[in-house]
Amino acid sequence: MATGILKFPDEFIWGAATAAYQIEGAYADDGKGESIWDRFCRVPGNIFEGHTGDIACDHYHRFLDDIKLMKNLGLQAYRFSIAWARIFPEGHGRLNPKGIDFYNRLVDALIAEGIQPYITLYHWDLPQALQDKGGWANRDTAYYFQDYAAEVTRQLGDRVDHWMTHNEPAVTAYLGHLYGIHAPGLKDYKMAIQVAHHLLLSHGLSVSIIRDNIKSESKEIGITLNLSPSYPASDAAADLEAANRYFNFNHGWFLEPLCSGQYPASILAIYEKYGYLPSMQPDDLRIIKTPIEFIGVNFYFRDLVKNAPGKNILNYDFVKPPDAKFTEMGWEVYPEGLYVLLKKLYLEYKTPKLYITENGAAFQDKKSPDGKIHDPLRIDYLQRHFQQAHRAIQEGVPLAGYFVWSLMDNFEWSFGFSKRFGLIYTDYQTLERTLKDSASWYRQVIEQNGVLIG
Ligand code: IFM
């Protein structure tokens, strides 16, 4: 080991991530259908200052330049998502060849530069036509997703080895259907639990089809979850139980079916009482548990949880940690939580191989008079998280790669363009891109396959 540097395994993959709606723009170009985010953003009050992803970073038209920037950064891999409504404008049935063509060109250009594509099939932008039929609350959507996954992997599977079915199904289910702050903007607990089930089912239904469509020996199929460890707010047993309840609601509800083919018993008991149990068919849990090669972990913060009778049906609430540092999202900076989480996944859930498919932070980035973007807070944030990832690897966690969120500043959902997560600064007036200091720093990490100690 070189002095002062924590070296990662030779085969470790360094990348950056984005998602279609957040960067592509071109919301109605070349036959693309409307998605639930196109619709949701048009409702006044849903998004900060009425922003939309209509243009976003205009990556749809600028992807070749963006790939040059990725090359400049030294990225080994790039995680992006496919806009379902570009492929099937009505969600199923009629195929849009121009949509496929865009992703063919993107994949070819990445491979030409030696950057491995890691593709997410669903990062929240359901075709509106399927929402009109009930969206993810309708079991048919799981089968439409299966057809969509089959078509995309049939078209791109000869060149792309790494696939994720979903990004953060918990966010789709809860933010979209329970809290109503993401598309489609619904607030219905029972529906949210049904949606979660159909998302998981759609994942399980697609895994073997994707696997059959990919020819390479090194193919890997997985799913990405948003995960954070739950810490009790005090030593009291009631707080510890509340922390566990919250973890099982937000994370166990997805991890357990995927890893062991069952929903967490403690939450099932509560949902039974309220009549919130999802309706399912006898084979569903077996399908959901179809073996996969990896789980993608999107990590941003930990949760500090206290018992709060009556606050919600699970009787928990969050506590703001005193003396902590926060990002612009109001999320606590807590790198050790990444290590704790990775160990938990590996030891308790016996997860397969893991990737960090997202980690990063929004800070107030401004162009300095010297034309540069100095973002020491982001460098510090990433460095400390990389160190914790290294620590987990040293202790046997099979962590195979790390994707920084995000490649470039982009549309941050209900926050519009007000939060900047990028390694690359996006000027939303001119759409000019500028590498931040963190991008140059990340280039060095990748070059030396390691991060400084301390
Ligand atoms: O921007 C999102 C991304 O789409 C999903 N994971 C969290 C990121 C930051 O909020």
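One-based numbering, in listed order, for ligands and for the atoms of each. FYI, side chains are in, hydrogens and waters are out, and symmetry mates aren't considered; it's all heavy atoms of this structure. Predicted model, so just to flag it, every value in this text is computed and none were measured.
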| S230 and H251 side chains, donor-acceptor separation under 3.5 Å | no
| message | In terms of relative ring orientation, are Y21 and W37 parallel, tilted or perpendicular, with 30° and 60° separating the classes? | response | tilted
| query | Judged by non-hydrogen atoms, does W331 sit under 4.0 Å from ligand 1? | reply | yes
| message | I want to know whether W136 and H177 have ring centres closer than 6.0 Å. | response | no
| Stepwise, does the side-chain contact (heavy atoms from CB on, under 4.5 Å) test hold for L75 with L69? | CA-CA 9 Å; L75 294 191; L69 293 173; over 6 Å; no
| message | Suppose I only count heavy atoms of E168 and a 4.0 Å limit; which atoms of ligand 1 are within that range? | response | 5 (C), 6 (N), 7 (C)
| query | Which residue holds the protein heavy atom closest to atom 1 (O) of ligand 1, what is that atom called, and what is the gap in Å? | reply | E412 OE1, 2.6 Å
| query | Which of parallel (below 30°), tilted (30 to 60°) and perpendicular (above 60°) describes F145 and Y122? | reply | perpendicular
| message | Considering non-hydrogen atoms of the protein only, which is the closest contact for atom 7 (C) of ligand 1, and what is the distance? | response | E358 OE1, 3.2 Å
| Taking N or O atoms only and a 3.5 Å limit, does N298 qualify as a polar contact for ligand 1? | no
| query | Taking distance alone, with no angle check, do W124 and ligand 1 share an N/O pair under 3.5 Å? | reply | no
| Polar-atom distance check: H123 versus ligand 1, any N or O pair below 3.5 Å? | yes
| task | For the pair W253 and Y263, name the ring-plane relationship: parallel under 30°, tilted 30 to 60°, perpendicular over 60°. | result | parallel
